[in-house]
Amino acid sequence: MRLAVVPGAGPVGLICRIGDDSRPGAPVLAADLASAIREHERSGALRWVWPCTAEIYPRLLQAGARVQRCHDAGLVEALLLGRAGRPGEPAGLPAAAARLRGAPVPAAGLSAPAGPQAALFDAGDIGAVPAATAAAALADLIAVYGAQQEQIAADRHPVRFSLLAGAESAGGLAAAEMSAAGLPWDAHVHNEMLTELLGRRPAPAPGPPLRPARLAELAARIAAAFGSGRPVNPDSPAQLVRALAADGVRVQSTRQSVLRGVQHPAVPLLLEYKELARLHAAYGWSWLDTWVSDGRFHPEYVAGGVVSGRWASRGGGALQIPKLLRRAVIADPGWTFVVADAAQLEPRVLAALAGDGAFAQAAAGGDVYAALASAFSGDRAKAKVALLSAMYGGAGGEAGQLLAVLRQRFPQASGYVEAAARAGEEGRVVRSVLGRTCPPPSAAWRSVTGESGDPDVQRDPGAGRAARARGRFTRNFVVQASAADWALVALAGLRQRLAAISSAAGGPQLVFFQHDEMIVHCPAGLADAVTAAVAEAAAAAGRLVFGATPVSFPMTTAVVRCYADAK
DNA sequence: GCCCCGTGCGCG
DNA sequence: AAAGCGCGCACGGGGC
């Protein structure tokens, strides 16, 4: 069963059944949308069709309503726009409906949270006849949903694209649920680590913020290590370059990799300073104050936030937490984490995509690189470099040689990424296994690389560089985006399986998702059941996304009370 | 004083 | 060991 729903201001909402013949029933005004949704969820399997999970679902979760399945019209519209070569155009319901009608498309942002959706009803409308705008929005939603279903069915691979739309929508649900649940975070442990590494937290004082003791001391020693004796701000690359030049050391930049090759007394101090300053600035006390409350880190995940289908995050740097700080991620008393990590996901994805027999056999078991080593005179490290270079487009060092071996021994696997690279260089688009489409080249790219038509006009000298850069992007896109397809389907499957597991102590919760890694927080007694669910979800994702293939997609799991112990 | 961009570095 | 791909965030510094 499918139910279309449009939220109103406050607790109200408008619900309408969509029949098997795709015809809408009569709209029903729910005075308390959350409880109406809870009621429907109890009565059996159904899919909610709504404009935007990120807008409606956090409120519902807060009111205690969880849903199993949905169709997020905004996320699906973005997928369809991407397929049509128009990524980034407004994908919210007002824009989608306007496009359907052939009317001028309202600017993006109108469909952003707290946009007009929130104003569909006045508070006084509760129990009254729904406002005309609400009825119109519901009609728009149903029309847009119908059109989207038709567009999905018209895809070259409708089953796959439909799976993508479902997984993208499920991802939206998981993202909202994970943001609401939060990642267990021990602020005390974090604070002690900061104090140990940086010194005591400086007391608030007027003027520019003070450095913690350890950083201040390092900064002073760095300044003293330069010949001029003048103050040097170690946070300023420009000042550092000048100070080094004054001492006869010329560097292109002050990044770690460059500094490591430089002989100067300030360098070791600088490297130490940079590492600690980074921790202080990005994940220090103010981060703790801002993002951690009640023992949870509450990040905001943005499902579909990356062109490849990976998630992005907003605020708190949820997807860049330094490994060091995993020490502060500690399960509640009596609870534990099941940390699941897809092992060597990208080479396995390439193996399944390319259908290269020998390569796929190598990806059927435990260690892909070890299985490929025999082709590289038994050297596992060489096999790894060859694979990474093929997927990322690197060719420096000995990578060129290793790529030639790869091309000879595994022509189909090599050919798959080479073809993607060529497509990109020629300005074409490429798609992931489920049909997520990369953006077309920008106008600037076309103008740099385009032939002028006049043989006397010199080709832009940057043309080759721009073409190759786009080739690397599309080469990587087919692998990264297909890996994201798999991970999203696995996440959706795990989410569904977890919903069926619970104990007196409570049910398992997804609390973290980072590209190919998932963390479930659960009562200790449920760890085995959760571990089994992870394995099932991973295997099912392999079948759903890639069909019949010898390639396996194992997830390593660790049952730990502290995230830092997972590896 | 505010905004934007480049630099640098954390994660996969 | 670093590089090739994808991101978010903090900071300095220039432009307004």
Side-chain angles (χ1 to χ4, degrees), chain A residues 208-209 211 215 232-242 251-261 270-271 273-284 286-287 290-291 299-326 341-347 349-350 381-382 384-400 402-403 417 420-421 424 430 432 436 438-439 465 468-484 486-487 512-518 563 567:
Chain A
R211 290 192 174 98
L215 284 181
V232 176
N233 179 359
D235 291 321
S236 166
Q239 288 184 30
L240 287 176
V241 168
R242 280 198 297 272
V251 289
Q252 287 296 316
S253 88
T254 61
R255 59 174 66 111
Q256 286 176 42
S257 54
V258 172
L259 288 182
R260 263 195 272 275
L270 259 176
L271 291 173
Y273 177 88
K274 276 171 168 280
E275 191 178 348
L276 294 177
R278 165 89 198 163
L279 179 67
H280 177 241
Y283 295 92
S286 65
W287 181 91
T290 308
W291 297 106
E300 191 181 346
Y301 295 99
V302 185
V306 179
V307 285
S308 66
R310 284 181 170 184
W311 288 9
S313 68
R314 199 157 35 215
L319 303 181
Q320 299 103 243
I321 298 167
K323 288 184 173 181
L324 182 74
L325 289 184
R326 293 179 181 182
D341 192 310
Q344 302 172 334
L345 179 57
E346 295 197 343
V349 163
L350 174 57
K382 285 185 177 171
K384 185 173 178 178
V385 169
L387 252 295
L388 293 180
S389 303
M391 294 188 296
Y392 291 155
E398 64 171 345
L402 297 173
L403 279 175
V417 283
V430 294
S432 74
R436 192 184 303 268
C438 83
R465 191 156 31 86
R468 282 190 298 277
R470 183 168 161 82
R472 285 193 300 273
F473 166 63
T474 49
R475 169 196 294 271
N476 184 250
F477 183 94
V478 291
V479 177
Q480 187 185 115
S482 298
W486 178 89
F512 195 59
F513 175 51
Q514 189 177 28
H515 313 315
D516 61 359
E517 185 175 359
M518 305 165 198
Y563 184 20
K567 275 184 184 168

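Order of the sequence lines fixes the chain letters, A, B, ..., with proteins taken first and strands second; residue numbering starts at 1 for each chain. Computed from a predicted model, the values in this text were never measured in an experiment.
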Per-nucleotide pairing state of DNA chain C [Watson-Crick or G-U, under 3.5 Å; [ ] pseudoknot-crossing; | other strand]
....||||||||||||

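At a threshold of 4.0 angstrom between heavy atoms, the contacts of A/R310 include nucleobase atoms, whether or not backbone atoms are also involved. Note on A/R326: only backbone sugar-phosphate atoms sit closer than 4.0 angstrom, heavy atoms only; bases stay farther off. Here A/G316 lies in heavy-atom contact (under 4.0 Å) with sugar-phosphate atoms only. Looking at heavy-atom distances under 4.0 Å, A/V307 makes contact with sugar-phosphate atoms alone, never a base.
For A/T254, a side-chain nitrogen or oxygen approaches OP1 or OP2 of B/dG8 to under 4.0 Å. Between A/S236 and the phosphate of C/dG13, there is a side-chain N or O to OP1/OP2 separation shorter than 4.0 Å. Not one side-chain nitrogen or oxygen of A/S257 sits closer than 4.0 Å to the OP1 or OP2 atom of C/dA1. For the pair A/K323 and B/dG12, the criterion of a side-chain N or O lying under 4.0 Å from OP1 or OP2 is met.
If you check C/dG4, B/dC9, C/dC11 against the side chain of A/A281, the one that comes closest is C/dC11. Closest contact between the side chain of A/F473 and the listed nucleotides C/dG12, C/dC5, C/dA3 involves C/dC5. Out of B/dG8, B/dC9, B/dC11, the shortest distance to the side chain of A/Q256 is found at B/dC9. Residue A/A238 places its side chain closer to C/dG13 than to any other of B/dC11, C/dG13, B/dG8. In the set C/dG12, C/dC7, B/dG12, the nucleotide with an atom closest to the side chain of A/A312 is C/dC7.
Annotated as syn: C/dG4, whose glycosidic dihedral is within 90° of 0.
Judged purely by atom type and a 3.5 angstrom limit, A/T474 uses its side chain to pair as donor or acceptor with the backbone of A/R470.
Judged by distance alone, with hydrogens and angles left aside, A/R278 brings a side-chain donor or acceptor within reach of the base of B/dC9, the pair sitting under 3.5 Å. You won't find any donor-acceptor pair under 3.5 Å spanning the side chain of A/R314 and the base of C/dG8, going by distance alone.
The 5' end of DNA chain C is approached more closely, in terms of each residue's nearest nucleotide, by A/R260 than by the other of A/L319 and A/R260. Projected onto DNA chain C by closest heavy-atom contact, A/V385 and A/Q480 fall at different nucleotides, the more 5' of which corresponds to A/V385.
To the nearest angstrom, P of B/dG10 lies 11 Å from CG of A/L271. The interatomic distance linking A/K382 (NZ) with C/dA1 (C1') rounds to 16 Å, in whole Å. Counting to the nearest Å, the P atom of C/dA3 and the NZ atom of A/K384 are 16 Å from each other. Between A/R211 atom CZ and C/dG12 atom P there is a gap of 8 Å when expressed in whole angstrom units.
Other residues, nucleotides and ligands contribute at most 12 non-hydrogen atoms within 6.0 Å of the CD atom of A/E275.
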